[in-house]
Each structure stands twice: as C-alpha cells, then as structure tokens.
Amino acid sequence: MPKTLQIKNLQVSVVNQQTDERTTILKGVSLTVKPGEVHAIMGPNGSGKSTLAYTLAGHPFYEVTGGQISLDGQDILEKSPDERAAQGLFLAFQYPVEVPGVKVQNFLRLAYNARFADHPEKLFPSVLAFRKHLESLAKELKVNPELLKRGLNEGFSGGEKKRVEILQMAVLEPKYAILDETDSGLDVDAMKAVSLGVKKIIEKYNTGVVVITHYQRILKYLQPEFVHVMKAGKIVQSGGRDLAEKMEAEGYEKV
Ligand code: ADP
Ligand code: MG
C-alpha cells in the first residue's frame with residue numbers, strides 16, 4: 001500500500017444558501033505528501049487554501065465535484081470527518097472553536113479514544129493513566145499544565161489556543177496533518193514554541209505535514225522541502241524553500 005496523502009485533480013464547489021448559486025473554488029488541485037515531508041502552501045487571500053483544508057477534513061459544506069483524495073491508498077472522500085481522523089488525518093484550523101465547559105484534558109481523552117478506537121492496544125487502562133501521558137506531552141511541548149483543566153479555548157489567548165492545538169496534534173499521533181495559518185496572530189515566542197512543537201511531532205511520528213501560511217518566519221523553523229503557491233483555486237507554482245522567500249519578497253502577483 002502506498003504511504004501517501006494523495007490529492008488528485010480536486011475540484012470543490014460551495015453553494016450559497018440564500019441564492020442556491022454554486023461557485024467553483026478549487027479548480028483541479030493535485031498534491032502528494034509522504035510521511036515525514038513538510039509542504040508549505042502560500043497564496044493570496046481567497047485563493048482556496050482554507051477550502052482545501054476543510055475539504056480534506058470532510059466538512060459537509062464543501063462539495064467535491066471532481067478528483068480524488070486518498071490516504072495510504074484508501075479513498076477517503078466518502079468517509080466522515082471522524083473516520084478520517086481515525087485514519088490518522090489531523091487538521092488545525094485558522095479559527096479554533098471554543099467549547100466552554102468541556103475541559104481540555106477530557107476533550108483530548110475523548111479525541112484520543114476515538115482516534116485509536118480500532119487499536120485497543122493503544123488505549124489507556126484508566127483516566128489517570130491517560131492524564132499522565134497528557135501531562136508528559138504537555139511538558140515536552142512546553143504547554144502550561146493549568147490549561148488542561150480549563151474549558152477548551154475558553155478565554156484562551158491566541159497563543160494558548162495554538163499551543164493547545166499543537167498538544168492535540170501530539171496526542172493524536174497523526175500520519176498527516178494540515179495546519180491552516182497556525183502562525184497567524186502569534187507573537188514571536190509563541191510562534192517559535194508552536195513550530196518547535198510541530199517539528200518534534202514530525203520527528204516522533206513521521207507525520208507528513210502541510211503548512212498553510214503567508215509568512216516566511218514559520219517556514220524558517222519548519223524548513224519545508226516543498227513550497228506551493230495557490231492562486232484562484234489552483235497550485236500555480238511548486239518549488240523548494242527559495243520559492244517561499246521569493247513570494248514574500250515579491251508578492252504573489254507575478255506568479
Ligand atoms: P484562503 O484560505 O486562501 O484565503 P478560502 O478557501 O477561505 O481562501 O476562500 C476561497 C474562496 O472561496 C473565497 O472567494 C471565499 O469567499 C470562498 N468561500 C470559501 N468558503 C465559502 C463559503 N462557506 N461560502 C461562500 N464562499 C466561500
Ligand atoms: Mg484561509
């Protein structure tokens with residue numbers, strides 16, 4: 001079985017709820033991510049980057065009108081978001097949701113149990129055993145353990161939200177992860193902590209990662225081997241890390 005996250009000629013539309021009008025957003029996107037690889041996707045606002053992330057997650061709003069997505073050889077287009085997560089796909093969204101009243105540690109335990117439902121050998125014998133595991137991961141990723149006892153994202157600062165999201169990523173041991181503007185709105189220290197955390201996870205679980213970003217600075221830490229530029233629903237250029245520098249210096253217009 002090929003070990004890749006493979007996106008082939010993906011076409012995605014959204015339907016406007018008011019007017020019933022259909023707009024095509026992704027117009028044939030292809031991307032192949034292997035375990036341990038880091039890919040960056042850059043591109044102007046509105047080019048379809050988040051649409052790609054949501055479609056990979058299986059968000060029902062986005063209608064796939066053509067193309068394929070497969071994970072380690074298995075077609076995932078017909079699978080629910082939970083089934084995709086259980087296959088090892090992880091998505092960190094641009095705007096993390098608040099779930100007041102649900103403690104981070106409980107949320108993460110349920111997410112872990114769902115992720116590994118088909119792997120009984122991975123399940124922890126008790127709530128306490130999971131908590132120990134979680135606390136050691138938090139320590140490793142320099143996440144304040146006090147946050148684990150608070151409601152998910154409830155009153156969290158931008159930096160705290162992203163750190164907890166990276167902790168969630170570590171908990172889920174993803175095969176593939178898509179990080180949608182995880183660096184936006186972070187101060188330098190938080191950005192560094194988040195990128196070093198992602199790096200650790202890649203090393204530990206050989207995760208294949210797609211980072212969606214506007215900025216060079218996160219790429220300095222993550223060192224993607226592949227950089228893609230998305231424009232108007234298509235990947236219009238791919239290259240190495242120098243392409244990211246060029247984009248930041250020259251802007252997207254010339255591409
Ligand atoms: P990016 O993340 O690259 O900034 P998006 O994927 O968020 O771009 O958006 C791409 C285009 O799709 C935009 O023109 C946006 O308005 C449109 N779009 C995305 N989601 C929706 C939606 N839920 N309803 C209507 N239009 C949408
Ligand atoms: Mg976006």
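What you see is a predicted model, and the numbers here were worked out from it, not measured in a lab. We count ligands from 1, going down the list as the structure has it; atoms in each ligand are counted the same way.
Residues His214 and Glu248 share a closest heavy-atom pair of O-OE2, 3.8 Å.
Remark: minimum distance from atom 7 (O) of ligand 1 to any protein heavy atom is reached at Ser50 CB, 3.6 Å. Scanning the protein for heavy atoms near atom 12 (O) of ligand 1, the closest one is Ile25 CD1, 3.0 Å. Looking only at protein heavy atoms, the nearest one to atom 24 (N) of ligand 1 is Phe61 CE2, 3.6 Å. Of the protein's non-hydrogen atoms, the one nearest atom 5 (P) of ligand 1 is Thr51 OG1, 3.7 Å. In this structure, the protein non-hydrogen atom closest to atom 8 (O) of ligand 1 is Gly48 N, 3.2 Å. The nearest protein atom to atom 20 (N) of ligand 1, hydrogens excluded, is given as Tyr62 OH, 3.1 Å; this is a heavy-atom distance. At the top of the distance list for atom 10 (C) of ligand 1, counting protein heavy atoms only, stands Gly46 O, 3.4 Å. Looking at atom 26 (N) of ligand 1, its nearest protein heavy atom turns out to be Val14 CG2, 3.7 Å.
For a distance bound of 2.8 Å, the N, O or S atoms of Ser50 include one lying that close to the Mg ion (ligand 2).
Atom 15 (C) of ligand 1 is not flagged as protein-proximal [any protein heavy atom, distance under 4.0 Å].
The cationic atom of Arg217 (NZ for Lys, CZ for Arg) lies less than 6.0 Å from the six-membered ring centre of Tyr215 and within 45° of the ring axis.
Relative orientation of the Tyr112 and Phe124 rings is tilted, given thresholds of 30° and 60° on the angle between their planes.
Of all atoms in ligand 1, numbered sequentially from 1 with element shown, those under 4.0 Å from a heavy atom of Ser47 are 1 (P), 3 (O), 8 (O). The Asn45 neighbourhood of ligand 1 comprises atoms 4 (O), with distances under 4.0 Å to a heavy atom of that residue.
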Test side-chain contact (heavy atoms from CB on, under 4.5 Å) applied to Tyr205 and Leu172, step by step: CA-CA 10 Å; Tyr205 305 112; Leu172 296 179; over 6 Å; no

Working for side-chain contact (heavy atoms from CB on, under 4.5 Å), residues Met247 and Leu243: CA-CA 6 Å; Met247 284 306 119; Leu243 183 57; 3.7 Å; yes

Step-by-step side-chain contact (heavy atoms from CB on, under 4.5 Å) determination, Glu63 to Arg22: CA-CA 10 Å; Glu63 192 190 335; Arg22 168 175 287 149; 2.7 Å; yes

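Under a 3.5 Å cut-off, the side chain of Gln87 and the backbone N or O of Arg84 do not form any donor-acceptor pair. Counting only distance, with no hydrogens or angles, the side chain of Lys204 and the backbone of Ala170 share no donor-acceptor pair below 3.5 Å.
Thr213 pairs with exactly one of Leu222, Asp180, Asp183 by the side chain to side chain contact (heavy atoms under 4.5 Å, CB included) rule, that one being Asp183.
Heavy atoms of Tyr54 come nearer than 4.0 angstrom to ligand 1 in no pair at all.
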